[in-house]
Each structure stands twice: as structure tokens, then as C-alpha cells.
Amino acid sequence: RCSWQASGGGLVQAGDSLTLSCVYSGRTFSSYAMGWFRQAPGKEREFVAAITKSGGITYYSDSVKGRFTISRDNAKNTAYLQLNSLKPEDTAVYYCAAKLYWSGTYPPAPAAMDFWGKGTLVTVSS
């Protein structure tokens, strides 16, 4: 069974950077649009960023725009999320998710994603 595996989280200080990776074990990675979501303690899971199948269109939440960058390498079956200028409020479990059809014109809701990977914890200390 194919799976999605997120990694790269850790404990950092405010202002630091991290790169999260999401690796797909199957052969059809380029068939999926990819998204990153996060869930802080006691809060609902929220959209962070998304990228179309080819990588030509990206979409960000207002809270991370200008600080985070989503990208993908279809040859490596991997999606990335570069987190810069981290803030304590970025502390959360970060999840990658895949969606077969996404136009790139609106942020996908968590319920709309087709597949989910296990999360990776990002903790930002002040």
C-alpha cells in the first residue's frame, strides 16, 4: 500500500528555518496536487500551502505568505515546505496531503484532500 511520509520537524527558536519533506512511496506522485496543513494543540487543522501537480501554481494562507515556500520534485516523489522566519505561533503538527484534482484557484479544505501522511511536529520557542 502506498504511503505519504512527512519529516523534518523539530525544536527551533523564533526566527529560525526548517525544511519539511513529504515522500510518496508510490509511482504516481505527479498525479497529485500536494498540500501542507497544520494543527496546533486545541485547534482545528488548517491549510498552510498547496501546489499543483506540475508545480506551476502555489497557494498560501495569509499567515505564512512570504515566510513559507512550497515546492515539489516529481522525479524524487517529494514535496517540500520551507519554513523561514518561524514564530512561536507556527508551533503545530504539520501534515502533508494529496489531492487528485485541484484547480489552484482556492485553498483546499482539509476535508477535500484525498490522502494524508503522518504528521511531523514543529515547535518554535520564543
Side-chain angles (χ1 to χ4, degrees):
R1 182 176 179 178
C2 299
S3 65
W4 308 84
Q5 182 63 52
S7 63
L11 172 62
V12 298
Q13 293 186 331
D16 285 351
S17 298
L18 275 177
T19 301
L20 306 184
S21 300
C22 177
V23 180
Y24 178 52
S25 65
R27 298 182 181 179
T28 57
F29 179 73
S30 60
S31 298
Y32 300 95
M34 293 300 299
W36 286 94
F37 296 77
R38 67 185 182 186
Q39 188 165 16
K43 295 188 177 181
E44 294 186 353
R45 193 168 298 187
E46 64 174 2
F47 168 78
V48 175
I51 189 168
T52 51
K53 298 174 185 180
S54 66
I57 298 174
T58 57
Y59 206 108
Y60 298 92
S61 68
D62 289 341
S63 61
V64 308
K65 195 175 299 182
R67 300 188 298 122
F68 292 7
T69 302
I70 189 171
S71 62
R72 66 188 297 157
D73 185 338
N74 286 346
K76 296 182 178 180
N77 283 8
T78 303
Y80 303 95
L81 186 67
Q82 176 69 37
L83 294 70
N84 295 331
S85 303
L86 281 162
K87 305 175 181 180
E89 51 264 42
D90 294 319
T91 294
V93 177
Y94 284 72
Y95 299 88
C96 62
K99 184 172 176 58
L100 282 171
Y101 302 107
W102 180 57
S103 66
T105 59
Y106 60 90
M113 305 306 288
D114 296 315
F115 303 100
W116 289 87
K118 294 184 179 180
T120 185
L121 175 63
V122 174
T123 304
V124 185
S125 64
S126 57

>> So, using ring-ring contact (aromatic ring centres under 6.0 Å, His included) as the criterion, who are the partners of F68 when residues are at least two apart?
In response: none
>> According to a hydrophobic-cluster definition based on side-chain heavy atoms being under 4.5 Å apart (Ile, Leu, Val, Met, Phe, Trp, Tyr only), do W102 and I70 belong together?
In response: no
> What pairs with N74 under side-chain hydrogen bond (donor to acceptor under 3.5 Å, both in side chains), at least two apart in sequence or on another chain?
Replying inline: R72
>> Between K87 and D90, does any NZ, NE, NH1 or NH2 come within less than 4.0 Å of an OD or OE carboxylate oxygen?
In response: no
>> Applying disulfide bond (SG atoms under 2.5 Å apart) as the test, list every pair that has at least one member in residues 19-126; sequence neighbours left out.
In response: C22-C96
Between side-chain atoms of residues 113-124 and protein atoms elsewhere (two or more places apart, or another chain), which donor-acceptor pairs fall under 3.5 Å?
{"unit_1": "D114", "atom_1": "OD2", "unit_2": "L100", "atom_2": "N", "d": "2.8"}
{"unit_1": "T120", "atom_1": "OG1", "unit_2": "G9", "atom_2": "N", "d": "3.0"}

>> Measuring from atom CG of N77 to atom OG of S25, what distance do you get when rounded to the nearest 0.5 angstrom?
In response: 8.5 Å
> S126 and A14: which non-hydrogen atoms are nearest, and at how many Å?
Replying inline: CA-CB, 4.4 Å
> Can you pull the salt bridge (Lys or Arg N to Asp or Glu O under 4.0 Å) pairs that have at least one residue in residues 44-56, sequence neighbours excluded?
Replying inline: R38-E46
> Between Y59 and T105, does a side chain to side chain contact (heavy atoms under 4.5 Å, CB included) hold up when you go through it step by step?
Replying inline: CA-CA 8 Å; Y59 206 108; T105 59; 5.9 Å; no
> Can you hop from L81 to I51 via hydrophobic side chains spaced under 4.5 Å?
Replying inline: yes
>> So which atom in F29 and which in D73 form the shortest heavy-atom distance, rounded to 0.1 Å?
In response: CE2-O, 4.1 Å
>> For Y80, give me all partners under ring-ring contact (aromatic ring centres under 6.0 Å, His included), at least two apart in sequence or on another chain.
In response: none
> When rounded to the nearest 0.5 angstrom, what distance separates OG in S61 from CH2 in W36?
Replying inline: 14.0 Å
> Would you say the side chain of M34 lies within less than 4.5 Å of the side chain of W4, judging by non-hydrogen atoms?
Replying inline: yes
>> Taking A112's backbone N and O only, do any of them form a donor-acceptor pair with K99's side chain (distance below 3.5 Å, no angle check)?
In response: yes
>> Rounded at 0.5 Å granularity, tell me how far CG in L20 sits from OG1 in T78.
In response: 12.5 Å
> Does F47 belong to the same Ile/Leu/Val/Met/Phe/Trp/Tyr cluster as Y106, with side-chain heavy atoms less than 4.5 Å apart forming each link?
Replying inline: yes
>> Any donor-acceptor pair under 3.5 Å linking the side-chain atoms of Q82 with those of T19?
In response: yes
> If you look at every heavy atom in P108 and F37, which pair is closest and at what distance?
Replying inline: O-CE2, 3.5 Å
